[in-house]
Structures are given as structure tokens and as C-alpha cells.
Amino acid sequence: MAEIHPSAHRQRIDIVSIFPGFFDGFLSHGVVARAAARGLVELRVHDLREFTHDAHRTVDDRPFGGGEGMVLKPEPLAEALDSLGVLPASQRDPQSRESVILLAAQGERFTQTVARELAGLERIVLLCGRYEGIDDRIRQLYCDRELSIGDYVLSGGELPAAVVADAVVRLIPGVLGNAASAAYESFGLEDSTMDLLAENDTEGGLHNPVQRSQVPRSQHGSGGLLDYPHFTRPAEFRGLHVPQALLSGDHQAIRRWRREQQLATTLRNRPDLLEAATLSEEDRQTLVRLRQS
Ligand code: SAM
């Protein structure tokens, strides 16, 4: 087993679902599986039907007031949470670094900012709804947060729970190669925040001045912008050539090209992000030029 990152905290993520097998693939691949194997996160999936007491292991019932569909009953959910040692929100220590989250289309939008907040906690509990959703008293009693992964309705909270867990796990210190990795991605942090992260990054990537100056990515981390395009070999593919700047070996030219691409992509696909982005004077001039072209 690999060594645990010195600045890492171990996070625990509990997922409550009627389809625990849904998460088998998610838990056994890529970054999440490696983070678990390295002891940086403990991910547990709990079968809601384990907390029923009838022969049919019933988890749902008809809605009061009539209407379509079924609703997840409160008793199994409450028992599941009790078994995990989760207190009702009103009895939880306000300083506790845990969050009980209901995945819901009606929830607050899940963003990279929320993912960063959650990555700083010791424990998150994710409740997956099904059918028309869960009995609202569980939300009232236990949940301090409702998260939606987007403005569409899915059949259950399992995909959203996997989305939230994946986005959070890769932000836990030590999970990615070094602290800068996440800062340079889409929606990444600006340079000052990255410097704070670097103080905790003892794997050397950012402390080593040579290595840092050799990272020709952008001047501000992503600063809230979208990522730039990536290319690998071959240099020519079906008549399309890798941009000359990337082949030049000139780090300043590469940095400028990548920053311009970040600005162009953000302007094209998500202009709303530009308002909150960290922009230099050079960035602003580039944007004026891009808007005119
Ligand atoms: N009656 C609900 C409504 O109109 O919003 C839809 C329920 S949906 C069919 C079943 C479950 O899927 C929800 O309880 C929730 O856990 C999950 N779900 C569906 N869409 C979601 C989204 N966009 N984000 C997070 N969870 C979602």
C-alpha cells in the first residue's frame, strides 16, 4: 500500500441507497479506488433494505394526498442514519465537520466550490432518493444540505451521489499528484489560493522552484476559467495539426496560448463564469480581441 500523504486527512463517505451494487464499478476504478486503497478516503455503501423489518423488505409507500409514484419511507432511512451514528441536525455539534446531504433535483446546484467545501470535511453522508423522492421529514430531521447535480430529473440519487463523491475525493489533499493539479483544471483556484495549497503540498511539485517555473499552464491557476484543449501524439491526425505554440518548447508562448484558449472556451461556452474569474490586464485585452473576432 502506498504511503499516506503527510498533509492528508482521511475522509469518510457513507452512501445510503436501495441499489448498493450500483456503486461497484465506481468504487473499483481510477482515482476513487486508488484514494481508498491509499487510505485517504473510506467509502461505504449501505443497503437501505437492511433497515426494514418486513418479509418484503419494503422501503417505499404511497404518498399522502394521492398522486403519482411512491415515496421512500422514513423509518428505514432514520434507522440507517442511526446505525451510522448520525445525529439529527438539531443535536449535531455546529463545529462538527460532517454533512448529511440529500441528493435532490430541488437542491442547491452542486459546483466545484461546493466540492471544495465538502473535501475539507471529515465525513459526508449521501442519501439517494428513488421514486418520487424521500419522506420530507428525513430532510427536516437529518439533512443540512440538499444538492442537485443539474437541472434535469434522474431516476435516482445514485448517479448524483457518485458524481458528488468523485468530485470531492479528487480534491482531498494528497489524492491527486500534487495540490496544483486541481487548481489548474476547469473552475480551478487562482494563484494566491494555489500558493496556500502549496504550503501543504509536501510532495515537492510546487516547492521546487525549477519544477514550478516549468509548469507552463496559466498565470493564475485556472482562476475560475474553463480548461484549455489538450493534445498528445501524433502531432498530425487526420489532417489536423497540434497548435504550433505547443510544439515550440517556448514556455511563455505555451502559457500565453493556453491562457488565450481558456478565455476563448469560457467566452464561447460559459460567459457567465467570466464575471467571477480572476483576470489580469492581459486577460482583459485578450477578451476584447476575442469578442471582436
Ligand atoms: N419528484 C422529484 C422531482 O420532481 O424533483 C424527482 C424524483 S427522482 C425521479 C428520484 C430521485 O433521484 C430523487 O429523490 C433524487 O434523489 C434523485 N435525483 C433526480 N434528479 C436529481 C438531480 N438532478 N440531482 C440530484 N439528485 C437527483
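Both ligands and their constituent atoms are indexed starting at 1 by order of listing. Numbers for residues simply follow the sequence, beginning at 1. Only a predicted model underlies this, so the values are computations on that prediction, with no experimental measurement involved.
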E122 side chain to Q11 main-chain N or O, any donor-acceptor pair under 3.5 Å?
-> no

Indicate yes or no for a side-chain donor-acceptor contact from R130 to the backbone of V59 under 3.5 Å, with no hydrogens or angles considered.
-> no

Check: D283/T286 side-chain N/O donor and acceptor closer than 3.5 Å = no

Donor-acceptor contact present, side-chain H230 to main-chain Y228, <3.5 Å = yes

How far does CG of L226 sit from OG1 of T266, to the nearest 0.5 angstrom?
-> 4.0 Å

Side chain to side chain donor-acceptor pair (under 3.5 Å) against E132, all qualifying residues, sequence neighbours excluded | none

Heavy-atom contacts under 4.0 Å to ligand 1, chain-then-number order, include exactly L103, A104, A105, Q106, G129, R130, Y131, E132, G133, L147, S148, I149, G150, Y152, V153, L154, S155, G156, G157, P160

